[in-house]
Protein chains: 2
Amino acid sequence: MPKERNLRMTRQRQSILEELRKTDAHPSADEIFGRVRQQMPRISLGTVYRNLEILSAQGEIQTIEMAGSLKRFDAIATNHYHIRCVNCDRLVDAPLEVSNALENAVQAHTDFQILDHKVEFEGLCPECRRAKPGAYPDSV
Amino acid sequence: MPKERNLRMTRQRQSILEELRKTDAHPSADEIFGRVRQQMPRISLGTVYRNLEILSAQGEIQTIEMAGSLKRFDAIATNHYHIRCVNCDRLVDAPLEVSNALENAVQAHTDFQILDHKVEFEGLCPECRRAKPGAYPDSV
DNA sequence: TTACTTGCAAATCGTTTGCGATATA
DNA sequence: TATATCGCAAACGATTTGCAAGTAA
């Protein structure tokens with residue numbers, strides 16, 4: 001058993017959590033920094049990172065690490081899939097249930113002990129699709 | 001149409017490509033650097049990065065960007081899923097066919113134009129499983 | 001001969017960390 | 001009061017880039 005820490009609900013931590021719960025836009029640490037800073041101009045980016053990490057370890061929020069992109073944070077802590085716009089990097093939840101069928105199928109054919117899985121869809125969001133019809137990268 | 005470049009097959013580029021084709025271990029740029037350096041001690045890491053990017057753009061190789069991990073490179077350029085060991089970061093191909101059923105299912109319920117998807121499994125490789133039975137992170 | 005490519009070193013950028021000061025429980 | 005947390009600034013690590021010299025075609 002790891003030694004327990006006495007966590008404190010500081011004004012900073014509270015504010016970060018509230019900002020995150022206000023949105024479903026999966027903001028980055030820097031975006032959260034920008035929003036919290038409006039209430040609390042002296043907060044530092046390091047504090048934002050530290051708190052996001054603590055909240056994530058507590059299971060209060062979820063850290064989303066997308067391949068080749070910044071870390072994103074989500075007030076919804078349960079696993080779900082995402083769609084990322086390859087043009088503007090917007091991130092939304094994918095309308096698809098998380099299924100353990102994929103894990104089961106892989107587990108049947110590997111010596112790894114499968115613990116988790118993530119699915120990322122890439123595409124063009126409606127806005128970018130409109131802005132540049134037909135023009136999109138053919139490799140990512 | 002972008003202006004075409006006349007690519008040259010330099011000794012460095014050749015050697016990087018050969019090293020990558022020798023292995024199925026999905027090495028990082030730094031690991032490839034280490035291997036190529038044995039034949040070519042004066043090659044620089046920047047050259048390795050530049051060539052990997054060029055080869056990837058040409059479709060000769062594939063860049064694998066795993067969430068929260070280094071870039072990896074693969075001589076096999078076609079899409080496939082991966083399993084990553086959460087303990088030692090080893091990366092292997094997942095024994096599961098790539099299916100567009102996932103993309104179709106999402107496409108039916110989103111305004112995004114889905115272009116691609118990736119699936120990452122996380123688990124413990126056989127070696128790490130043996131080394132630390134029962135002991136694994138419960139969050140990643 | 002042209003201009004793509006190299007080696008080197010410095011720059012970038014997201015993120016982490018050391019520190020002395022502050023504030024929560 | 002004890003110590004978790006803060007703000008600040010410096011450190012970090014992977015990757016990228018500017019530049020003058022080298023080399024493939």
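Numbers restart at 1 for each chain; the letters A, B, ... are given by sequence-line order, proteins then strands.
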Handout entry: Distance, rounded to the nearest Å, where R13(A) contributes CZ and dA25(C) contributes C1'
Key = 13 Å
Completion exercise
Nearest-nucleotide check on DNA chain D, R72(B) vs T10(B); residue mapping nearer the 5' end is R72(B)
Problem - Touch class at under 4.0 angstrom, heavy-atom based, for L7(A) against every strand present - result: sugar-phosphate
Handout entry: Minimum-distance nucleotide (side-chain atoms of R8(B) versus dT15(C), dT2(C), dT16(D))
Key = dT2(C)
Exercise for the section: Would you please confirm or rule out a distance under 4.0 Å between OP1 or OP2 of dT16(C) and any side-chain N or O of K71(A)? Expected result: yes
Handout entry: R42(B) side-chain proximity, nearest of dC4(C), dT15(D), dC8(C)
Key = dC8(C)
Practice task
Output yes when R35(B) and D30(B) qualify as a salt bridge under the 4.0 Å nitrogen-oxygen rule, no when they do not.
Solution key: no
Exercise for the section: Examine the base of dA23(C) for any acceptor or donor lying under 3.5 Å from a partner atom in the side chain of R11(A), and report the outcome as yes or no. Expected result: no
Completion exercise
In whole angstroms, the gap separating P of dT6(C) from CZ of F33(B) amounts to 13 Å
Exercise for the section: Give a yes/no on whether any side-chain N or O of S44(A) is located under 4.0 angstrom from OP1 or OP2 of dC6(D). Expected result: no
Handout entry: Phosphate-side-chain proximity, R50(A) and dT5(D), N/O vs OP1/OP2 below 4.0 Å
Key = no
Handout entry: Rounded distance in Å - CG (N51(B)) to C1' (dT6(C))
Key = 9 Å
